[in-house]
Amino acid sequence: AKNVGILAMDIYFPPNCVLQEELETHDGVSKGKYTIGLGQESMAFCTEVEDVISMSLTVVKSLLKNYNIDPKCIGRLEVGSETVIDKSKSIKTWLMQIFEESGNTDIEGVDSSNACYGGTAALFNCVNWVESNSWDGRYGLVVCTDSAVYAEGPARPTGGAAAIAMLIGPNAPISFESKYRGSHMAHVYDFYKPDLASEYPVVDGKLSQTCYLMALDSCYNVFCKKYEKNEGKQFSIFDADYVVFHSPYNKLVQKSFARLYYNDFLRNCSTVDEESREKLAPYAGLSSEESYQSRDLEKASQQVAKNLYDSKVQPTTLIPKQVGNMYTASLYAALASIIHNRHETLAGQRIVMFSYGSGLTSTMFSFKINEGQHPFSLLNIANIMDVSKKLKARHVVPPKKFVETLKLMEHRYGAKDFVTSQDTSLLSAGTYYLTHVDSMYRRFYDVK
Ligand code: ACO
């Protein structure tokens with residue numbers, strides 16, 4: 001199979017959101033802390049009628065319907081998620097209901113999990129399958145689904161929720177340049193979920209930021225080396241038309257792009273202009289440890305990379321800023337943002353992706369883009385995702401109500417024997433929702 005990659009995409013996020021500006025006032029923090037400090041605009045969240053299972057059912061059903069895909073044509077289904085509802089039964093098995101109806105139970109794949117990286121692991125599994133000897137000619141399907149919620153405190157505004165589905169096959173408009181993958185994996189305690197009675201992670205926010213940037217450096221280094229070995233010339237960020245980052249919050253994305261430019265400076269890339277060289281020169285001799293701590297370097301590199309950020313990164317930030325951290329779905333929501341913003345001019349371009357999951361696992365990889373053919377064309381993908389309409393249709397909830405919802409969900413997490421409000425007034429037609437959980441913890445869903 002040639003040009004294996006993403007043929008089609010769909011995205012779902014809950015219709016409820018809280019504005020970061022209102023959350024700043026509610027939390028009593030200084031004005032601008034979440035909107036400028038973190039760079040976030042609003043945050044989606046699940047109410048008691050939605051969860052990662054319902055969102056994944058909604059998005060898979062929607063993708064199959066919108067692209068007119070026969071469920072029998074799916075041969076592999078992989079889910080990435082870090083939101084634990086069951087420690088054994090995979091979310092994938094829930095999704096099988098959709099395929100059983102058509103008589104298709106011959107579908108490989110289960111769930112992958114390691115923080116925000118599970119979606120990338122799921123995507124690689126599907127792509128590798130299509131490129132392998134065991135491929136039977138059918139499509140792969142990848143689902144990233146997460147609800148990111150944090151305990152009260154500085155991490156809470158970095159939550160979010162969404163599910164994304166991606167159809168995988170040959171001759172894709174978004175195809176992998178498989179030769180250039182660079183990974184960095186290590187053991188750290190930066191963000192983890194050891195308390196099985198709570199949905200909230202234990203997080204060392206500062207450490208997670210440094211780990212993210214170290215992983216970025218390491219992946220970029222391997223990625224560049226592989227590119228240079230293959231192409232016989234140096235890689236710099238000018239060889240990427242867009243750079244898409246896993247986005248826990250936008251500020252980290254701004255810092256990350258600047259970090260890549262600093263790497264290009266250290267690698268002595270000819271693409272780094274004279275003015276930038278002068279501004280970055282004082283930081284050339286820093287040890288890598290010092291470079292992660294230097295506020296001055298952070299500021300100087302962001303300043304010199306500002307114009308490049310505006311053209312190569314800013315168009316990827318729409319959904320992550322509006323919906324928040326969607327964990328496994330965050331990186332692919334950023335990809336969806338460029339397709340939404342730039343589908344008319346993407347053909348022939350290269351998109352570099354950086355996936356990060358705490359703990360930690362990370363990979364940098366790249367896509368080559370072409371128009372594609374209907375229904376798998378960039379234009380059709382943009383039309384079907386209909387991002388503007390979905391964002392506009394959302395309902396802004398006051399912070400007080402958001403906090404009450406999270407309180408209720410704390411009680412519901414791991415609980416049995418309850419019935420939900422079944423209030424579906426905000427859900428659009430075709431959305432799955434949770435109706436009740438019985439005395440044996442079995443969950444029941446319905447479709448609006
Ligand atoms: N106006 C403008 N900016 C402000 C204001 C203000 N009023 N107040 C603060 N800021 C800035 C700070 O200067 C800082 O910016 P900087 O990083 O450029 O210096 C930023 O806002 C954040 O403020 P801090 O006080 O440094 O950090 P805080 O205690 O609020 O915590 C953190 C932020 C660590 C990101 C926290 O939200 C967190 O732990 N989140 C979860 C962990 C996470 O997302 N990690 C990322 C990778 S791992 C993953 O994906 C889960």
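It should be emphasised that the depicted structure is a prediction, and the values quoted were computed from it without experimental measurement. Just follow the structure's listing: the first ligand is 1, and inside any ligand the first atom is 1.
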* To do: Specify the protein heavy atom at minimum distance from atom 2 (C) of ligand 1: its residue, its atom name, and the distance to 0.1 Å.
  => G32 O, 3.5 Å
* Asked: Counting heavy atoms only, which of S358, P248, G159 comes nearest to atom 48 (S) of ligand 1?
  -> S358
* Asked: Centroid-to-centroid, F365 to F176, below 6.0 Å?
  -> yes
* Asked: Going by atom types alone, do S366 and E177 pair a side-chain donor with an acceptor below 3.5 Å?
  -> yes
* Structure fact -> Looking only at protein heavy atoms, what sits closest to atom 41 (C) of ligand 1 is T158 OG1, 3.5 Å
* **Flag, side chain of K448 to backbone of L427, donor-acceptor distance under 3.5 Å** => yes
* Any N/O pair K255/ligand 1 closer than 3.5 Å -> yes
* atom 21 (O) of ligand 1: nearest protein contact (heavy atom, Å) -> G37 CA, 3.0 Å
* Asked: Where is the nearest protein heavy atom to atom 13 (O) of ligand 1: which residue, which atom, and how far?
  -> R295 NH2, 4.4 Å
* Asked: Which heavy atom of the protein is the closest neighbour of atom 39 (O) of ligand 1, given with residue, atom name and distance?
  -> G205 CA, 3.4 Å
* Run down the list Y150, Y34, Y117, Y212 and name the one with the heavy atom closest to atom 51 (C) of ligand 1. => Y150
* Asked: Among protein heavy atoms, which sits nearest to atom 18 (O) of ligand 1, and what does the distance come to when rounded to 0.1 Å?
  -> K251 NZ, 2.8 Å
* Structure fact -> In this structure, atom 22 (C) of ligand 1 is nearest to the protein heavy atom L38 CD2, 4.2 Å
* Passes salt bridge (Lys or Arg N to Asp or Glu O under 4.0 Å), D241 versus K312? Steps please. -> CA-CA 6 Å; D241 296 288; K312 293 182 189 294; 5.2 Å; no
* Could you check atom 42 (C) of ligand 1 against the protein and tell me its nearest heavy-atom contact, residue, atom and distance included? => V203 CG2, 3.6 Å
